[in-house]
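The structure presented is a predicted model; accordingly, all values stated were derived computationally and were not measured.
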Amino acid sequence: MTRVAAAIVAWGVRSERAADEAARLEVAAARITRPDALGRIGYVSWSISLMRGDIRGAERRLGRLVEAADASGDDGLLLQAGNAQAITTLALGDPVGAREHLARASDHDSPAVRRRLAGAYQDSGVLLRSFVALDEWLLGDADVARRHAEEALALARAGSRLDGLCQALGALAAIHQLLGDTSTVRALADELLALAEANEFSLWVSAGKVMGGWAMIEDEPADAAEWIRSGLAEVESVADGVWGPYHLSLLAEAETAAGRIAEATEVVDRAIALAEASGERWYLAELTRKRAGLAFAAARESGNGQRGRLDREADDLLERALDIARAQGAHALELRVLATIAARDLERRGPGRWLRERSGA
């Protein structure tokens, strides 16, 4: 398993070396009967699918991992299995279900368990708190999300390996990005990038560049887009596709701010296609909302012949985004869609009529 992890870090998750090591691991699994060993192999196999951005593949690999963890009764393996179930469920677009898995994983989290897992591929305590933070943000509790992300960072600073600290910095930066806190994202991204570059953690170099690029959008949108693109190119060498739709949404935001509507539209369409193909649907409502905004922008720039069609397309996209957010129970994304619908309604009707209609005057 250590050889698989080393191959991924050195040559990338899609490299022949990584594939060969993963295949050897699968062959070894066929000869193993001990639940704890099967569980560890299952966790690595699940991690590989996740890093490839193959969320449905990760879902298929959960069965062996969870079965082995339950059979072993080992708290460390049960924590890892619970994390894997939660992350996969959240990525598929079910934050309510993910919350249940995270609660069960938390039952097996303790300082003793984390010490025993200190040599594992990922820091399970940091991972747990990072995804509790994302899940709570999606469910609409920003304060709880921020608290858990800060706990992940504090835990990582207190004793995690350097890659665990990168993981926590990346998670906290993402939460503050979702909250729109540019200055905090910039500071976290700078620290993450410096740490990742010093230790040649390509995956986290990418995350640092993407988050740092997003923090540049307000002042230098064109440069921000190029910086985010460089980060996305970096991650493709190590973990092609992992959290790709979310990262692409940040690139689209930079392209939009730079006034490049066609380029932004192309990026969002690519992100939506990737989300549908991979199963990573947790941010699909937001991507669809962004696509509606780009259709509105295109309508404003177009002639009368195209404007009506683009307006109708945008309205349909907003309805779709709202349906997705509500079906997933993603209240934070639902509120974003509703705010866009209200703003669009205000723009169409004009402030005077809009206020009269809502006040009953």
Side-chain angles (χ1 to χ4, degrees), residues 1-2 4-6 8-9 13 25 35-51 55 58-59 61-91 95 97-136 145 147-172 174-175 192 195 199 201 203-204 207 239 242-243:
M1 284 178 285
T2 302
V4 176
I8 290 171
V9 170
V13 74
L25 192 63
D36 57 338
L38 281 172
R40 288 194 292 273
I41 291 173
Y43 187 71
V44 172
S45 296
W46 169 82
S47 298
I48 290 170
S49 292
L50 185 77
M51 291 182 70
I55 307 303
E59 184 182 29
R61 284 164 175 77
L62 281 176
R64 181 172 67 186
L65 168 57
V66 173
E67 182 179 353
D70 288 341
S72 74
D74 179 86
D75 279 326
L77 193 51
L78 286 164
L79 172 58
Q80 290 179 318
N83 278 345
Q85 284 181 293
I87 293 167
T88 306
T89 302
L90 187 152
R99 176 185 267 176
E100 296 175 2
H101 290 305
L102 288 163
R104 284 198 289 272
S106 297
D107 291 340
H108 303 285
D109 178 51
S110 71
V113 169
R114 293 196 296 272
R115 282 195 298 272
R116 190 154 52 83
L117 292 174
Y121 177 58
Q122 294 170 316
D123 187 317
S124 294
V126 172
L127 196 67
L128 172 64
R129 287 158 180 79
S130 298
F131 278 92
V132 169
L134 177 57
D135 196 57
E136 291 298 329
R147 176 167 58 82
H148 280 284
E150 289 171 351
E151 285 178 5
L153 183 56
L155 184 64
R157 291 196 192 283
S160 177
R161 301 177 317 187
L162 290 176
D163 56 346
L165 179 54
C166 287
Q167 179 183 310
L169 287 165
L172 189 55
I175 292 299
L192 172 58
L195 181 63
N199 292 277
F201 296 149
L203 178 62
W204 297 114
V242 64
W243 309 123

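In this structure, Glu150 places its CD atom where more than 12 heavy-atom neighbours from other residues, nucleotides or ligands lie under 6.0 Å away.
Two residues are said to be in side-chain contact when any heavy atoms from C-beta on lie closer than 4.5 Å; Phe131 and Asn83 fail this criterion. Under the 4.5 Å side-chain criterion, counting only non-hydrogen atoms from C-beta, Leu165 is not in contact with Leu192. Annotation: side chain of Leu65 is not in contact with side chain of Ile41 (no heavy-atom distance under 4.5 Å). Asp74 is not listed as a side-chain neighbour of Leu78, based on a closest heavy-atom distance of 4.5 Å or more. Side-chain contact between Val113 and His108 is absent, with no heavy-atom pair separated by less than 4.5 Å. Side-chain contact between Pro35 and Leu38 is absent, with no heavy atoms from C-beta onward closer than 4.5 Å. A heavy-atom distance below 4.5 Å is found between the side chains of Leu169 and Arg157. Contact check for Leu128 versus Ser106: side-chain heavy atoms found under the 4.5 Å cut-off.
Considering only residues two or more places apart in sequence or on other chains, Thr88 meets the side chain to side chain donor-acceptor pair (under 3.5 Å) condition with Trp46.
The CZ atom of Arg147 sits 12.5 Å away from atom CD1 of Ile175, with the distance rounded to the nearest 0.5 Å. Interatomic distance, Gln167 CD to Leu203 CG, rounded to the nearest 0.5 Å: 9.5 Å. The structure places CD of Glu67 at 12.5 Å from CG of Leu62, a figure rounded to the nearest 0.5 Å. The CG atom of Asp36 sits 6.5 Å away from the OG atom of Ser72 when rounded to the nearest 0.5 Å. A distance of 5.5 Å separates CG in Asp109 from CG in Leu79, rounded to the nearest 0.5 Å. Atom-to-atom distance recorded for Asp123:CG and Cys166:SG is 11.5 Å, nearest 0.5 angstrom.
The two residues Ala69 and Ala81 have their closest heavy-atom pair at CB-CB, 3.7 Å. Considering every non-hydrogen atom in both Ala168 and Val126, the closest pair reads CB-CG1, 3.7 Å. Heavy atoms only, all atoms of each residue included: Ser45 and Arg64 are closest at OG-NH2, 3.4 Å. Taking each heavy atom of Gly76 and Arg116 in turn, the nearest pair found is N-NH2, 3.5 Å. Of all the heavy atoms in Ile55 and Ala91, the pair that sits closest is CG2-CB, 3.8 Å. Closest non-hydrogen pair, Trp204 versus Gly170, comes out as CZ3-CA, 4.4 Å.
A side-chain donor-acceptor contact under 3.5 Å links Arg129 to the backbone of Gly125.
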Derivation and outcome, side-chain contact (heavy atoms from CB on, under 4.5 Å), residues Asp135 and His148
CA-CA 10 Å; Asp135 196 57; His148 280 284; over 6 Å; no
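Ion pairing of Arg99 with Glu136 is present here, as a side-chain N (NZ or NE/NH1/NH2) and a carboxylate O approach within less than 4.0 Å.
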